[in-house]
*Asks:* 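Here it is, the structure in full.
Order of appearance sets the numbers: ligands from 1, and atoms from 1 within every ligand.
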Amino acid sequence: MSTEIEKADVVIVGARCAGTAAAVPLVRAGHKVIVVDKGKFPSDTLSTHVLVPNGVQELQFMGALPRILALGPSKSRYLSVHDGDLEIKERFTPFSGIDYALCIPRDQQDAVLVETAREAGAEVRERTMVDQVVWRDGRAVGVRCRSGDTEYEIHAALVVGADGRRSRIAGEVDAWTPYRASRNGRGFAFRYLDDPLGADAPDALEIFRAGSDQVLVLPSCPAGRTLVVNMTDAATIPDFRREPDAHWQRMLDRNPALNARVGAATNLSKLRSTDDLSAYYRRSSGPGWALAGDAGHFKDPVTGNGMRDALKFGRLLGEAAATTLSDPGTLDAALRDWEAARDADTISTYHWGNRESRPGTTSPLVREVLRTFVGGDRPNLSDTFNRVRPVESVISPSRLVTGLARALRAPGADRRAILRELRTELPMEISLRRHRLLDGFRSTRPTATEREGWSVGPAPKPPSRRPATEPAPVMTGGAQSHATNAAV
Ligand SMILES: Cc1cc2nc3c(=O)[nH]c(=O)nc-3n(C[C@H](O)[C@H](O)[C@H](O)COP(=O)(O)OP(=O)(O)OC[C@H]3O[C@@H](n4cnc5c(N)ncnc54)[C@H](O)[C@@H]3O)c2cc1C
(Lines give C-alpha, C1' and ligand atoms only; values in the text may rest on other atoms or scores of the structure.)
Protein backbone atom coordinates (compact mmCIF):
# COMPACT_ATOMS: atom_id res chain seq x y z
CA MET A 1 0.00 0.00 0.00
CA SER A 2 1.56 3.34 -0.95
CA THR A 3 0.84 6.71 0.59
CA GLU A 4 -0.28 9.55 -1.59
CA ILE A 5 2.28 12.34 -1.53
CA GLU A 6 1.65 15.90 -2.58
CA LYS A 7 4.36 18.51 -3.10
CA ALA A 8 4.35 22.12 -2.02
CA ASP A 9 7.08 24.65 -1.26
CA VAL A 10 5.80 25.26 2.27
CA VAL A 11 3.24 23.46 4.40
CA ILE A 12 1.75 25.41 7.30
CA VAL A 13 -0.20 23.75 10.12
CA GLY A 14 -2.75 26.16 11.61
CA ALA A 15 -4.75 28.81 9.71
CA ARG A 16 -5.29 31.61 12.22
CA CYS A 17 -2.98 34.57 13.01
CA ALA A 18 0.50 33.08 12.58
CA GLY A 19 -0.32 30.60 9.82
CA THR A 20 -2.12 32.98 7.48
CA ALA A 21 0.38 35.79 8.13
CA ALA A 22 3.26 33.44 7.17
CA ALA A 23 1.44 32.21 4.06
CA VAL A 24 0.78 35.58 2.46
CA PRO A 25 4.38 36.78 1.79
CA LEU A 26 5.32 33.29 0.60
CA VAL A 27 2.55 33.14 -2.02
CA ARG A 28 3.22 36.76 -2.99
CA ALA A 29 6.79 35.63 -3.75
CA GLY A 30 5.40 32.92 -6.04
CA HIS A 31 5.70 29.87 -3.77
CA LYS A 32 3.15 27.10 -3.53
CA VAL A 33 1.81 27.11 0.03
CA ILE A 34 -0.66 24.68 1.58
CA VAL A 35 -2.17 25.70 4.92
CA VAL A 36 -4.09 23.02 6.81
CA ASP A 37 -6.32 23.43 9.83
CA LYS A 38 -8.31 20.84 11.72
CA GLY A 39 -11.09 23.44 12.21
CA LYS A 40 -13.79 24.71 9.89
CA PHE A 41 -14.03 28.51 9.62
CA PRO A 42 -15.68 30.61 10.93
CA SER A 43 -14.57 29.07 14.18
CA ASP A 44 -14.06 30.59 17.61
CA THR A 45 -11.06 30.18 19.88
CA LEU A 46 -10.40 31.23 23.47
CA SER A 47 -9.11 34.80 23.24
CA THR A 48 -10.04 38.34 24.26
CA HIS A 49 -8.64 39.55 20.92
CA VAL A 50 -7.51 43.16 21.34
CA LEU A 51 -5.16 44.51 18.67
CA VAL A 52 -3.58 47.90 19.36
CA PRO A 53 -2.36 50.01 16.40
CA ASN A 54 0.97 48.17 16.21
CA GLY A 55 -1.04 44.95 15.68
CA VAL A 56 -3.73 46.45 13.44
CA GLN A 57 -0.98 47.49 11.01
CA GLU A 58 -0.20 43.78 10.56
CA LEU A 59 -3.76 43.29 9.26
CA GLN A 60 -3.01 46.09 6.81
CA PHE A 61 0.31 44.55 5.68
CA MET A 62 -1.50 41.27 5.11
CA GLY A 63 -4.27 42.89 3.08
CA ALA A 64 -6.98 41.89 5.59
CA LEU A 65 -7.85 45.34 6.97
CA PRO A 66 -10.52 46.42 4.44
CA ARG A 67 -12.50 43.22 5.09
CA ILE A 68 -12.08 43.61 8.84
CA LEU A 69 -13.35 47.21 8.74
CA ALA A 70 -16.31 46.09 6.62
CA LEU A 71 -17.48 44.11 9.69
CA GLY A 72 -18.32 47.46 11.32
CA PRO A 73 -16.10 47.36 14.44
CA SER A 74 -15.61 50.10 17.02
CA LYS A 75 -12.29 51.90 16.69
CA SER A 76 -10.63 52.76 20.00
CA ARG A 77 -8.21 55.67 19.80
CA TYR A 78 -7.52 55.98 23.53
CA LEU A 79 -6.37 53.91 26.46
CA SER A 80 -7.86 54.88 29.79
CA VAL A 81 -7.07 53.60 33.27
CA HIS A 82 -9.31 54.06 36.32
CA ASP A 83 -7.99 53.10 39.74
CA GLY A 84 -9.76 54.81 42.65
CA ASP A 85 -8.92 58.51 42.40
CA LEU A 86 -6.42 57.84 39.64
CA GLU A 87 -7.47 58.51 36.03
CA ILE A 88 -5.22 58.26 32.97
CA LYS A 89 -6.36 58.82 29.41
CA GLU A 90 -3.98 58.78 26.44
CA ARG A 91 -4.16 58.56 22.69
CA PHE A 92 -2.35 55.66 21.05
CA THR A 93 0.82 56.24 19.06
CA PRO A 94 -0.14 55.60 15.41
CA PHE A 95 1.58 52.95 13.28
CA SER A 96 1.49 53.10 9.49
CA GLY A 97 -1.15 55.83 9.78
CA ILE A 98 -3.37 53.63 12.01
CA ASP A 99 -4.28 55.35 15.26
CA TYR A 100 -6.90 52.93 16.62
CA ALA A 101 -7.22 49.58 18.34
CA LEU A 102 -9.68 46.87 17.27
CA CYS A 103 -11.30 44.00 19.13
CA ILE A 104 -12.86 41.62 16.59
CA PRO A 105 -14.38 38.33 17.82
CA ARG A 106 -12.09 35.56 16.69
CA ASP A 107 -14.69 33.67 14.65
CA GLN A 108 -15.12 36.78 12.46
CA GLN A 109 -11.48 37.90 12.44
CA ASP A 110 -9.96 34.51 11.66
CA ALA A 111 -12.46 33.82 8.85
CA VAL A 112 -11.23 37.06 7.26
CA LEU A 113 -7.60 35.96 7.69
CA VAL A 114 -8.39 32.68 5.92
CA GLU A 115 -10.19 34.49 3.08
CA THR A 116 -7.26 36.91 2.72
CA ALA A 117 -4.69 34.08 2.55
CA ARG A 118 -6.82 32.29 -0.05
CA GLU A 119 -7.24 35.42 -2.10
CA ALA A 120 -3.45 35.94 -2.04
CA GLY A 121 -3.05 32.44 -3.51
CA ALA A 122 -2.56 30.07 -0.58
CA GLU A 123 -4.46 26.80 -0.58
CA VAL A 124 -6.20 26.57 2.80
CA ARG A 125 -7.59 23.13 3.66
CA GLU A 126 -10.04 23.01 6.53
CA ARG A 127 -10.99 19.95 8.58
CA THR A 128 -7.55 18.55 7.93
CA MET A 129 -5.63 17.21 10.90
CA VAL A 130 -1.85 16.89 10.95
CA ASP A 131 -0.66 13.90 12.92
CA GLN A 132 3.04 13.62 12.17
CA VAL A 133 6.07 15.36 10.76
CA VAL A 134 7.82 13.41 8.01
CA TRP A 135 11.61 13.30 8.30
CA ARG A 136 14.50 12.55 5.98
CA ASP A 137 18.11 12.52 7.20
CA GLY A 138 17.24 14.57 10.28
CA ARG A 139 15.35 17.16 8.30
CA ALA A 140 11.62 17.89 8.39
CA VAL A 141 10.38 17.32 4.85
CA GLY A 142 6.63 17.29 5.26
CA VAL A 143 3.60 16.32 7.32
CA ARG A 144 1.20 13.45 7.43
CA CYS A 145 -2.46 14.59 7.35
CA ARG A 146 -5.90 13.15 7.82
CA SER A 147 -9.09 14.48 6.28
CA GLY A 148 -12.12 12.28 6.86
CA ASP A 149 -11.02 8.75 5.96
CA THR A 150 -8.22 9.95 3.70
CA GLU A 151 -4.61 10.00 4.87
CA TYR A 152 -1.83 11.53 2.84
CA GLU A 153 1.46 13.38 3.08
CA ILE A 154 2.39 16.86 1.99
CA HIS A 155 6.10 17.25 1.33
CA ALA A 156 7.71 20.68 1.36
CA ALA A 157 11.00 22.52 1.86
CA LEU A 158 9.62 24.04 5.07
CA VAL A 159 7.15 22.80 7.68
CA VAL A 160 5.62 25.58 9.81
CA GLY A 161 3.84 24.73 13.04
CA ALA A 162 1.37 27.59 13.56
CA ASP A 163 -0.82 25.27 15.56
CA GLY A 164 -1.17 27.12 18.84
CA ARG A 165 -0.19 26.42 22.43
CA ARG A 166 -0.96 22.69 22.21
CA SER A 167 1.16 22.42 19.09
CA ARG A 168 1.45 18.92 17.72
CA ILE A 169 4.32 20.11 15.57
CA ALA A 170 6.21 21.26 18.71
CA GLY A 171 5.85 17.73 20.06
CA GLU A 172 6.92 16.18 16.77
CA VAL A 173 10.12 18.25 16.57
CA ASP A 174 10.92 17.56 20.25
CA ALA A 175 10.46 21.19 21.25
CA TRP A 176 7.38 20.67 23.41
CA THR A 177 9.03 21.41 26.75
CA PRO A 178 9.83 25.14 26.96
CA TYR A 179 13.41 26.11 27.74
CA ARG A 180 12.06 29.02 29.81
CA ALA A 181 8.61 29.62 31.25
CA SER A 182 6.65 31.23 34.04
CA ARG A 183 3.53 30.38 36.03
CA ASN A 184 0.69 32.84 35.78
CA GLY A 185 -1.26 33.90 38.83
CA ARG A 186 -4.11 35.58 36.98
CA GLY A 187 -7.02 33.99 35.22
CA PHE A 188 -9.47 35.42 32.70
CA ALA A 189 -13.28 35.58 33.02
CA PHE A 190 -15.05 37.40 30.18
CA ARG A 191 -18.32 37.93 28.37
CA TYR A 192 -19.82 40.17 25.70
CA LEU A 193 -22.56 42.67 26.39
CA ASP A 194 -24.47 45.42 24.62
CA ASP A 195 -22.81 48.65 25.67
CA PRO A 196 -25.29 50.52 27.89
CA LEU A 197 -23.79 53.83 26.64
CA GLY A 198 -24.66 52.94 23.04
CA ALA A 199 -23.33 55.50 20.57
CA ASP A 200 -22.01 57.63 23.49
CA ALA A 201 -19.52 54.96 24.55
CA PRO A 202 -15.95 56.33 24.74
CA ASP A 203 -13.63 55.40 21.86
CA ALA A 204 -11.23 53.92 24.39
CA LEU A 205 -9.93 50.63 25.71
CA GLU A 206 -10.75 51.11 29.38
CA ILE A 207 -9.08 49.43 32.34
CA PHE A 208 -10.84 49.50 35.71
CA ARG A 209 -8.58 48.40 38.57
CA ALA A 210 -9.95 47.53 42.02
CA GLY A 211 -8.58 45.05 44.55
CA SER A 212 -7.14 42.10 42.59
CA ASP A 213 -9.37 42.78 39.60
CA GLN A 214 -8.15 44.42 36.42
CA VAL A 215 -11.24 44.69 34.27
CA LEU A 216 -11.02 45.64 30.60
CA VAL A 217 -13.98 47.19 28.79
CA LEU A 218 -13.22 46.68 25.11
CA PRO A 219 -15.41 48.15 22.37
CA SER A 220 -15.84 45.25 19.98
CA CYS A 221 -17.64 44.31 16.79
CA PRO A 222 -20.15 45.31 15.57
CA ALA A 223 -19.96 48.76 17.17
CA GLY A 224 -22.12 48.84 20.31
CA ARG A 225 -21.07 45.33 21.37
CA THR A 226 -18.48 45.31 24.14
CA LEU A 227 -16.18 42.67 25.56
CA VAL A 228 -15.68 42.87 29.33
CA VAL A 229 -12.73 40.90 30.68
CA ASN A 230 -11.76 40.42 34.30
CA MET A 231 -8.09 39.52 34.69
CA THR A 232 -8.17 38.45 38.28
CA ASP A 233 -6.64 36.10 40.81
CA ALA A 234 -6.57 32.69 39.09
CA ALA A 235 -7.71 31.11 42.35
CA THR A 236 -11.13 32.75 41.93
CA ILE A 237 -11.79 31.37 38.42
CA PRO A 238 -13.46 28.19 39.73
CA ASP A 239 -15.93 30.46 41.61
CA PHE A 240 -16.73 32.30 38.36
CA ARG A 241 -17.39 28.95 36.71
CA ARG A 242 -19.59 27.70 39.54
CA GLU A 243 -21.73 30.83 39.89
CA PRO A 244 -21.03 33.10 36.91
CA ASP A 245 -23.74 35.69 37.46
CA ALA A 246 -23.25 35.99 41.22
CA HIS A 247 -19.49 36.46 40.80
CA TRP A 248 -19.96 38.91 37.94
CA GLN A 249 -22.22 40.97 40.22
CA ARG A 250 -19.67 40.81 43.07
CA MET A 251 -17.00 42.05 40.66
CA LEU A 252 -19.25 45.05 39.80
CA ASP A 253 -20.06 45.67 43.46
CA ARG A 254 -16.40 46.01 44.49
CA ASN A 255 -15.62 48.38 41.60
CA PRO A 256 -18.00 51.38 41.62
CA ALA A 257 -16.50 53.02 38.52
CA LEU A 258 -16.90 49.79 36.54
CA ASN A 259 -20.42 49.35 37.86
CA ALA A 260 -21.29 52.87 36.71
CA ARG A 261 -19.83 52.09 33.28
CA VAL A 262 -21.36 48.66 32.47
CA GLY A 263 -23.52 47.64 35.44
CA ALA A 264 -26.73 48.49 33.57
CA ALA A 265 -25.98 46.11 30.68
CA THR A 266 -28.69 43.54 30.17
CA ASN A 267 -27.74 41.51 27.13
CA LEU A 268 -24.93 39.39 28.50
CA SER A 269 -23.34 36.44 26.75
CA LYS A 270 -22.24 33.23 28.41
CA LEU A 271 -19.20 33.68 30.65
CA ARG A 272 -15.94 32.17 29.38
CA SER A 273 -12.89 31.66 31.54
CA THR A 274 -9.41 30.20 31.80
CA ASP A 275 -6.72 29.85 34.43
CA ASP A 276 -4.32 27.86 32.24
CA LEU A 277 -1.95 30.52 30.95
CA SER A 278 1.71 29.70 31.61
CA ALA A 279 4.06 31.89 29.58
CA TYR A 280 6.95 30.24 27.70
CA TYR A 281 9.56 30.14 24.98
CA ARG A 282 10.09 26.94 23.00
CA ARG A 283 12.94 26.26 20.59
CA SER A 284 11.22 27.52 17.46
CA SER A 285 13.41 26.60 14.52
CA GLY A 286 15.42 23.66 13.26
CA PRO A 287 16.26 21.85 10.05
CA GLY A 288 13.32 22.42 7.74
CA TRP A 289 10.90 23.51 10.47
CA ALA A 290 9.72 26.54 12.43
CA LEU A 291 7.15 27.16 15.17
CA ALA A 292 5.23 30.41 14.65
CA GLY A 293 2.79 32.22 16.96
CA ASP A 294 1.75 30.54 20.20
CA ALA A 295 3.29 27.26 19.08
CA GLY A 296 6.73 28.75 19.80
CA HIS A 297 6.13 31.51 22.33
CA PHE A 298 3.28 32.56 24.60
CA LYS A 299 3.06 35.39 27.09
CA ASP A 300 0.34 36.36 29.45
CA PRO A 301 -2.66 37.84 27.58
CA VAL A 302 -2.73 40.64 30.17
CA THR A 303 -0.27 42.24 27.71
CA GLY A 304 -2.80 42.04 24.82
CA ASN A 305 0.03 41.19 22.42
CA GLY A 306 -0.26 37.52 21.45
CA MET A 307 -2.02 38.11 18.14
CA ARG A 308 0.26 41.04 17.27
CA ASP A 309 3.31 38.84 17.74
CA ALA A 310 1.73 35.88 15.93
CA LEU A 311 0.85 38.12 12.96
CA LYS A 312 4.14 40.04 12.91
CA PHE A 313 6.46 37.09 13.33
CA GLY A 314 4.27 34.97 11.06
CA ARG A 315 4.80 37.61 8.38
CA LEU A 316 8.54 37.91 9.08
CA LEU A 317 8.91 34.13 8.95
CA GLY A 318 7.19 34.08 5.56
CA GLU A 319 9.40 36.91 4.31
CA ALA A 320 12.60 35.24 5.58
CA ALA A 321 11.70 31.88 4.04
CA ALA A 322 10.49 33.34 0.74
CA THR A 323 14.03 34.21 -0.35
CA THR A 324 15.88 31.22 1.15
CA LEU A 325 13.70 28.17 0.47
CA SER A 326 15.83 26.81 -2.33
CA ASP A 327 18.91 26.16 -0.19
CA PRO A 328 18.45 24.17 3.06
CA GLY A 329 21.51 25.61 4.81
CA THR A 330 20.56 29.20 4.01
CA LEU A 331 16.96 28.51 4.99
CA ASP A 332 17.93 27.05 8.38
CA ALA A 333 20.20 30.02 9.13
CA ALA A 334 17.38 32.41 8.19
CA LEU A 335 14.97 30.52 10.47
CA ARG A 336 17.40 30.81 13.37
CA ASP A 337 17.85 34.55 12.75
CA TRP A 338 14.08 34.91 12.61
CA GLU A 339 13.71 33.16 15.97
CA ALA A 340 16.40 35.37 17.52
CA ALA A 341 14.65 38.49 16.20
CA ARG A 342 11.33 37.31 17.64
CA ASP A 343 12.92 36.77 21.04
CA ALA A 344 14.62 40.18 21.03
CA ASP A 345 11.32 41.85 20.15
CA THR A 346 9.17 39.98 22.68
CA ILE A 347 11.37 39.63 25.77
CA SER A 348 10.36 42.91 27.43
CA THR A 349 6.68 42.17 27.00
CA TYR A 350 7.14 38.61 28.26
CA HIS A 351 8.69 39.86 31.50
CA TRP A 352 6.07 42.59 31.85
CA GLY A 353 3.36 39.94 31.46
CA ASN A 354 5.01 37.79 34.13
CA ARG A 355 5.00 40.74 36.54
CA GLU A 356 1.50 41.94 35.70
CA SER A 357 0.06 38.46 36.03
CA ARG A 358 0.86 38.33 39.74
CA PRO A 359 -2.43 38.58 41.54
CA GLY A 360 -2.84 41.20 44.23
CA THR A 361 -4.13 44.69 44.83
CA THR A 362 -2.45 47.82 43.49
CA SER A 363 0.23 48.64 46.05
CA PRO A 364 0.97 52.25 47.11
CA LEU A 365 4.25 52.02 45.18
CA VAL A 366 2.55 50.88 41.96
CA ARG A 367 -0.18 53.50 42.39
CA GLU A 368 2.39 56.29 42.72
CA VAL A 369 4.32 55.04 39.70
CA LEU A 370 1.04 54.97 37.75
CA ARG A 371 0.31 58.49 38.94
CA THR A 372 3.43 59.73 37.14
CA PHE A 373 1.48 59.08 33.90
CA VAL A 374 -1.51 61.23 34.86
CA GLY A 375 -2.08 64.38 32.80
CA GLY A 376 -1.99 65.12 29.08
CA ASP A 377 -3.33 62.77 26.44
CA ARG A 378 0.00 62.19 24.65
CA PRO A 379 0.95 58.51 24.27
CA ASN A 380 2.98 57.27 27.20
CA LEU A 381 1.73 54.40 29.34
CA SER A 382 -0.12 53.08 26.28
CA ASP A 383 3.28 52.64 24.57
CA THR A 384 3.63 49.48 26.68
CA PHE A 385 0.69 47.69 25.01
CA ASN A 386 1.49 49.37 21.71
CA ARG A 387 5.14 48.22 21.71
CA VAL A 388 6.53 51.64 20.84
CA ARG A 389 9.57 50.97 23.03
CA PRO A 390 10.58 48.35 25.62
CA VAL A 391 8.28 48.34 28.64
CA GLU A 392 11.18 49.13 30.98
CA SER A 393 11.82 52.33 29.02
CA VAL A 394 8.18 53.38 29.45
CA ILE A 395 7.97 52.47 33.13
CA SER A 396 11.47 53.88 33.47
CA PRO A 397 13.89 54.06 36.43
CA SER A 398 13.17 57.78 36.85
CA ARG A 399 9.42 57.07 37.15
CA LEU A 400 10.16 54.28 39.64
CA VAL A 401 12.29 56.62 41.76
CA THR A 402 9.65 59.39 41.61
CA GLY A 403 6.90 56.91 42.51
CA LEU A 404 9.00 55.49 45.35
CA ALA A 405 9.72 58.94 46.81
CA ARG A 406 6.02 59.90 46.66
CA ALA A 407 4.88 56.60 48.18
CA LEU A 408 7.35 56.93 51.07
CA ARG A 409 6.37 60.57 51.71
CA ALA A 410 2.61 59.96 51.65
CA PRO A 411 0.87 60.57 54.99
CA GLY A 412 0.46 57.28 56.91
CA ALA A 413 2.72 55.38 54.47
CA ASP A 414 3.70 51.87 55.56
CA ARG A 415 7.38 52.40 54.76
CA ARG A 416 8.43 48.88 55.71
CA ALA A 417 5.91 47.37 53.28
CA ILE A 418 7.07 49.73 50.53
CA LEU A 419 10.72 48.82 51.09
CA ARG A 420 9.81 45.11 51.18
CA GLU A 421 8.13 45.52 47.81
CA LEU A 422 11.19 47.31 46.50
CA ARG A 423 13.35 44.36 47.56
CA THR A 424 11.18 42.10 45.33
CA GLU A 425 10.93 44.50 42.39
CA LEU A 426 14.58 45.59 42.15
CA PRO A 427 16.00 42.15 41.26
CA MET A 428 13.31 41.92 38.56
CA GLU A 429 14.28 45.28 37.13
CA ILE A 430 17.92 44.22 37.02
CA SER A 431 17.51 40.70 35.72
CA LEU A 432 15.03 41.51 32.94
CA ARG A 433 17.47 44.13 31.62
CA ARG A 434 20.31 41.62 31.86
CA HIS A 435 18.20 39.12 29.94
CA ARG A 436 17.33 41.58 27.19
CA LEU A 437 20.76 43.10 26.79
CA LEU A 438 23.29 40.42 27.75
CA ASP A 439 21.92 36.87 27.80
CA GLY A 440 22.40 35.03 24.54
CA PHE A 441 20.10 33.20 22.15
CA ARG A 442 17.94 30.59 23.91
CA SER A 443 19.53 31.44 27.24
CA THR A 444 18.17 29.27 30.05
CA ARG A 445 19.50 31.51 32.83
CA PRO A 446 16.52 32.13 35.15
CA THR A 447 15.11 35.63 35.48
CA ALA A 448 13.51 37.03 38.63
CA THR A 449 10.16 37.71 36.91
CA GLU A 450 9.68 33.99 36.18
CA ARG A 451 7.69 31.94 38.65
CA GLU A 452 8.06 28.23 39.20
CA GLY A 453 5.17 25.80 38.96
CA TRP A 454 4.40 26.49 35.29
CA SER A 455 2.82 23.83 33.17
CA VAL A 456 2.10 23.36 29.49
CA GLY A 457 0.52 19.96 30.07
CA PRO A 458 1.49 16.80 28.25
CA ALA A 459 2.35 16.93 24.56
CA PRO A 460 -0.54 15.93 22.26
CA LYS A 461 -0.35 12.17 21.98
CA PRO A 462 1.22 11.11 18.70
CA PRO A 463 -0.97 8.68 16.77
CA SER A 464 0.33 5.15 16.50
CA ARG A 465 3.31 5.32 14.16
CA ARG A 466 3.34 3.64 10.80
CA PRO A 467 4.27 -0.03 11.44
CA ALA A 468 7.84 -0.70 10.42
CA THR A 469 6.74 -3.51 8.12
CA GLU A 470 4.40 -1.32 6.13
CA PRO A 471 5.95 -0.15 2.87
CA ALA A 472 7.19 3.34 3.62
CA PRO A 473 6.37 6.24 1.36
CA VAL A 474 9.17 7.97 -0.44
CA MET A 475 11.15 10.36 1.73
CA THR A 476 10.26 9.36 5.28
CA GLY A 477 12.83 9.59 8.08
CA GLY A 478 11.21 8.05 11.13
CA ALA A 479 12.30 7.76 14.72
CA GLN A 480 16.03 7.95 14.16
CA SER A 481 15.88 11.27 12.33
CA HIS A 482 13.51 12.54 14.97
CA ALA A 483 16.00 11.80 17.72
CA THR A 484 18.80 13.45 15.74
CA ASN A 485 16.65 16.51 15.46
CA ALA A 486 16.18 16.71 19.22
CA ALA A 487 19.78 17.80 19.61
CA VAL A 488 19.35 20.84 17.37
C1 LIG B 1 -7.77 34.05 27.46
C2 LIG B 1 -6.92 34.60 26.36
C3 LIG B 1 -7.03 35.94 26.02
C4 LIG B 1 -6.24 36.47 25.01
N5 LIG B 1 -6.38 37.79 24.70
C6 LIG B 1 -5.61 38.33 23.73
C7 LIG B 1 -5.76 39.70 23.38
O8 LIG B 1 -6.60 40.42 23.90
N9 LIG B 1 -4.96 40.19 22.39
C10 LIG B 1 -4.02 39.42 21.77
O11 LIG B 1 -3.32 39.91 20.89
N12 LIG B 1 -3.87 38.12 22.09
C13 LIG B 1 -4.63 37.56 23.05
N14 LIG B 1 -4.49 36.25 23.37
C15 LIG B 1 -3.47 35.46 22.67
C16 LIG B 1 -3.94 35.07 21.28
O17 LIG B 1 -5.18 34.42 21.36
C18 LIG B 1 -2.90 34.13 20.65
O19 LIG B 1 -1.62 34.68 20.80
C20 LIG B 1 -3.18 33.89 19.16
O21 LIG B 1 -4.41 33.26 19.00
C22 LIG B 1 -2.09 33.01 18.57
O23 LIG B 1 -2.40 32.73 17.22
P24 LIG B 1 -1.79 31.46 16.52
O25 LIG B 1 -2.11 31.60 15.07
O26 LIG B 1 -0.38 31.26 16.91
O27 LIG B 1 -2.53 30.18 17.15
P28 LIG B 1 -4.06 29.82 17.38
O29 LIG B 1 -4.91 31.02 17.34
O30 LIG B 1 -4.07 28.97 18.62
O31 LIG B 1 -4.44 28.90 16.11
C32 LIG B 1 -3.91 27.60 15.97
C33 LIG B 1 -4.68 26.88 14.87
O34 LIG B 1 -4.03 25.62 14.66
C35 LIG B 1 -5.00 24.62 14.42
N36 LIG B 1 -4.42 23.31 14.77
C37 LIG B 1 -3.95 22.93 15.98
N38 LIG B 1 -3.46 21.67 15.92
C39 LIG B 1 -3.64 21.25 14.63
C40 LIG B 1 -3.34 20.04 13.95
N41 LIG B 1 -2.70 19.01 14.56
N42 LIG B 1 -3.68 19.92 12.65
C43 LIG B 1 -4.29 20.96 12.01
N44 LIG B 1 -4.59 22.15 12.61
C45 LIG B 1 -4.26 22.30 13.90
C46 LIG B 1 -6.17 25.00 15.33
O47 LIG B 1 -7.38 24.44 14.85
C48 LIG B 1 -6.14 26.54 15.25
O49 LIG B 1 -7.03 27.02 14.26
C50 LIG B 1 -5.30 35.66 24.34
C51 LIG B 1 -5.18 34.32 24.67
C52 LIG B 1 -5.99 33.78 25.67
C53 LIG B 1 -5.84 32.33 26.00
*Asks:* Heavy-atom distances under 4.0 Å are what count here, so tell me which part of N305 touches ligand 1: side chain, backbone, both or neither.
*Replies:* backbone

*Asks:* Please write down residue, atom name and distance for the protein heavy atom closest to atom 3 (C) of ligand 1.
*Replies:* T48 N, 3.2 Å

*Asks:* For atom 25 (O) of ligand 1, what is the closest protein heavy atom, and at what distance to 0.1 Å?
*Replies:* A18 N, 2.9 Å

*Asks:* May I ask whether R272 places a heavy atom under 4.0 Å from ligand 1?
*Replies:* no

*Asks:* Report yes if some N/O of C17 lies less than 3.5 Å from some N/O of ligand 1; otherwise report no.
*Replies:* yes

*Asks:* Do D294 and K299 meet the salt-bridge criterion of a basic N to acidic O distance under 4.0 Å?
*Replies:* no

*Asks:* Does CZ in R254 sit with more than 12 non-hydrogen atoms of other residues, nucleotides or ligands closer than 6.0 Å?
*Replies:* yes

*Asks:* Considering only protein heavy atoms, which is closest to atom 15 (C) of ligand 1, and at what distance to one decimal place?
*Replies:* G306 CA, 4.0 Å

*Asks:* According to the interplanar angle, ranging from 0 to 90°, do the rings of F208 and H82 count as parallel (below 30°), tilted (30 to 60°) or perpendicular (above 60°)?
*Replies:* parallel

*Asks:* Which pair of heavy atoms, one from V35 and one from G14, lies closest together, and at what distance?
*Replies:* CG1-O, 3.5 Å

*Asks:* For atom 1 (C) of ligand 1, find the nearest protein heavy atom and state the residue, atom name and distance (0.1 Å precision).
*Replies:* T274 CG2, 3.6 Å

*Asks:* Using distance alone, decide if ligand 1 has a nitrogen or oxygen within less than 3.5 Å of any nitrogen or oxygen in R165.
*Replies:* no

*Asks:* Under the criterion side-chain contact (heavy atoms from CB on, under 4.5 Å), which of D383, V394, N54 is the partner of V388?
*Replies:* D383

*Asks:* Just to be sure I'm reading this right: ignoring hydrogens, which of R168, M307, R146, M231 gets closest to atom 16 (C) of ligand 1? Compare them by their nearest heavy atoms.
*Replies:* M307

*Asks:* Counting heavy atoms only, which of D276, T303, V130 comes nearest to atom 40 (C) of ligand 1?
*Replies:* V130

*Asks:* Heavy-atom contact under 4.0 Å between R166 and ligand 1?
*Replies:* no

*Asks:* Taking the side chain as everything from C-beta on, heavy atoms only, tell me whether M129 gets closer than 4.5 Å to S147.
*Replies:* no

*Asks:* Is ligand 1 under 4.0 Å from a heavy atom in the side chain of P301, in the backbone, in both, or in neither?
*Replies:* side chain

*Asks:* Look at atom 27 (O) of ligand 1 and say which protein heavy atom is nearest, naming residue and atom and giving the distance to 0.1 Å.
*Replies:* G164 CA, 3.8 Å

*Asks:* How close does the nearest protein non-hydrogen atom get to atom 46 (C) of ligand 1, and which residue and atom is it?
*Replies:* D37 OD1, 3.5 Å

*Asks:* For a quick test of reading the model, state the closest non-hydrogen atom pair linking R308 to L51 and the distance between them.
*Replies:* N-CD2, 3.8 Å

*Asks:* Looking at the rings of Y280 and W176, which for Trp means the six-membered one, are their centres under 6.0 Å apart?
*Replies:* no

*Asks:* For atom 28 (P) of ligand 1, which candidate among K38, R127, R16 provides the closest heavy atom?
*Replies:* R16

*Asks:* To the nearest 0.5 Å, what is the distance between CG (D194) and CG (L268)?
*Replies:* 8.5 Å

*Asks:* Is it the side chain, the backbone, both or neither of T128 that has a heavy atom closer than 4.0 Å to ligand 1?
*Replies:* backbone

*Asks:* Starting from atom 32 (C) of ligand 1, find the nearest protein heavy-atom neighbour and note its residue, name and distance.
*Replies:* A162 O, 3.5 Å

*Asks:* If you take all heavy atoms of A290 and L158, which pair is closest and at what distance?
*Replies:* N-CD1, 4.2 Å

*Asks:* Heavy-atom pairs closer than 4.0 Å: do any link ligand 1 to the side chain of D163, the backbone, both, or neither?
*Replies:* both

